[in-house]
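All remarks here apply to the structure that follows.
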Number of protein chains: 2
Amino acid sequence: MYKIKEVAKMLGVSTATLRYYEQEGILPNIKRVNGIRVFNDEDFKWLRVLNCMKKINMPIKKIKEYIDLAMMGDSTLKERYHLILEQKEFIKAEIAKLNNCLKEFEYKEWYYKTAIKAGTEAAVKNMPKSSPTLEIDEIPVKIKRKDL
Amino acid sequence: MYKIKEVAKMLGVSTATLRYYEQEGILPNIKRVNGIRVFNDEDFKWLRVLNCMKKINMPIKKIKEYIDLAMMGDSTLKERYHLILEQKEFIKAEIAKLNNCLKEFEYKEWYYKTAIKAGTEAAVKNMPKSSPTLEIDEIPVKIKRKDL
DNA sequence: TCTTGACTTAAAGTCCACTTTAACATATAT
DNA sequence: ATATATGTTAAAGTGGACTTTAAGTCAAGA
């Protein structure tokens, strides 16, 4: 059983953020003792899920939607299932994109290493198709988070 | 050689966004023909890198810093190398976190599948430690993007 | 010629996710 | 007893990344 400050510290967020989350309805059912928030195991379980949803940039509104569905009970199971599936696919796509970015940065790492060795960037620029790691040439089209 | 609208379409962003990027200095050296922006191969190369930097949520200011260093020439090679390394490590950490989130969502997928089969959530809740995929129990502490 | 569409700039507006402030209550330590 | 720390709420403020608006230029087609 923890009070807000301890929870905030554990999560690496501010107390204001936790209060804001509660206000927005994405941190529901927090019990009060003498008007003071007390977080229990259930709350921590949800915080772990919330953490994931925030990590993938789900808007607060969307998270709220999910909670509202959950509050309605078994009748919304399928809807929640689809929402979760959708987000799962989104994460997968996201990881793929980040892996591409990682390659780009690994190329840059090699680029600068080589340039530093040579003392000048010009040396690397004149090596055509010189990258050991970079093969991607197209720019992926941006898909906005709010679309999902 | 493309004009702004075509470029915007290719990238999946608005023309306003591209103009805004140029204004903020993260889309430098775009040539004009009769006052109209014309994007060349060099610009596309940079757009691919920019795309990666945006993908990992590098703030515009930080991207600008990188560009400013690049503009200064060979004297900033080491600094740029370190910036890139830092970002590379950040992406790696990010991918690791997303993989954890993926697990969480895969667990939820299983959870809802099972609940739907049973017709009620209660059935799943009463299976203790029932998850086939979820082992993580702690909530990762949030590290804010601006710290890097 | 005139309208349509694509371009330009500068400035103001919007949205989201917090963050800060102010005013107050309660609890613990010296 | 009194200072310090932590908690509370409601409301206003902030920062970042665009987005929209307004006013204008220019080129091609009917």
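Every chain is numbered from 1, with letters handed out A, B, ... down the list of sequences. Scope of the values below: all heavy atoms of this structure, side chains included, with no hydrogens, waters or symmetry mates. Since we're looking at a predicted model, the values are computed, not measured.
Atom CG in Leu18(B) sits about 11 Å away from atom P in dC7(C), given to the nearest Å. Taking atom CE on Met53(B) and atom P on dA17(D), their separation rounds to 14 Å, with Å as the unit. Here dA17(D) presents its P atom at 8 Å from CD1 of Ile26(B), a figure rounded to the nearest Å. Between Ile4(A) atom CD1 and dA5(D) atom P there is a gap of 19 Å when expressed in whole angstrom units. In this structure, Glu22(A) places its CD atom 15 Å from P of dC18(C), rounding to the nearest Å. Counting to the nearest Å, the P atom of dA27(C) and the NZ atom of Lys5(A) are 17 Å from each other. Atom-to-atom, CD of Gln23(B) to P of dG16(D) comes out at 15 Å; the value is rounded to the nearest Å. Taking atom CG of residue Leu11(A) and atom C1' of nucleotide dC18(C), one finds them 15 Å apart after rounding to whole Å.
Legend: residues meeting salt bridge (Lys or Arg N to Asp or Glu O under 4.0 Å) with Lys113(B), ordered by chain and number and at least two apart, are Glu109(B). The salt bridge (Lys or Arg N to Asp or Glu O under 4.0 Å) check on Arg19(B) picks up nothing, with sequence neighbours excluded. Under the salt bridge (Lys or Arg N to Asp or Glu O under 4.0 Å) criterion, Glu22(A) pairs with Arg32(A), Arg37(A), sequence neighbours left out. Taking the side-chain hydrogen bond (donor to acceptor under 3.5 Å, both in side chains) definition, one finds that Asp74(A) meets it with Thr120(B), sequence neighbours left out. Looking at residues two or more places apart in sequence or on another chain, you find no salt bridge (Lys or Arg N to Asp or Glu O under 4.0 Å) involving Lys9(B). Applying the side-chain hydrogen bond (donor to acceptor under 3.5 Å, both in side chains) test to Glu121(B) and every residue at least two apart in sequence or in another chain returns Arg80(A), Tyr111(B).
Under the ring-ring contact (aromatic ring centres under 6.0 Å, His included) criterion, the residue pairs touching residues 2-21 of chain B are Tyr2(B)-Phe44(B), with sequence neighbours excluded.
Shown here for Leu18(A) and Leu11(A), the closest heavy-atom pair between the two residues is CD2-CD1, 4.0 Å.
A heavy atom closer than 4.0 Å to some atom of DNA chain D occurs in no member of residues 34-43 of chain B.
One finds a side-chain N or O of Arg32(A) lying less than 4.0 angstrom from the OP1 or OP2 phosphate oxygen of dT9(D). Taking 4.0 angstrom as the limit, Ser14(B) places none of its side-chain polar atoms (N or O) nearer than this to OP1 or OP2 of dC18(D). Here Arg19(B) does not reach the OP1 or OP2 of dT20(D): none of its side-chain N or O atoms lies under 4.0 Å away.
Hydrophobic clustering (ILVMFWY, side-chain heavy atoms < 4.5 Å, transitive): Met71(B) and Tyr66(B) are in one cluster.
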Scan nucleotides 15-17 of chain C against the protein and return all N/O pairs shorter than 3.5 Å with their distances rounded to 0.1 Å.
unit_1, atom_1, unit_2, atom_2, d
dA17(C), OP1, Ile60(A), N, 3.4

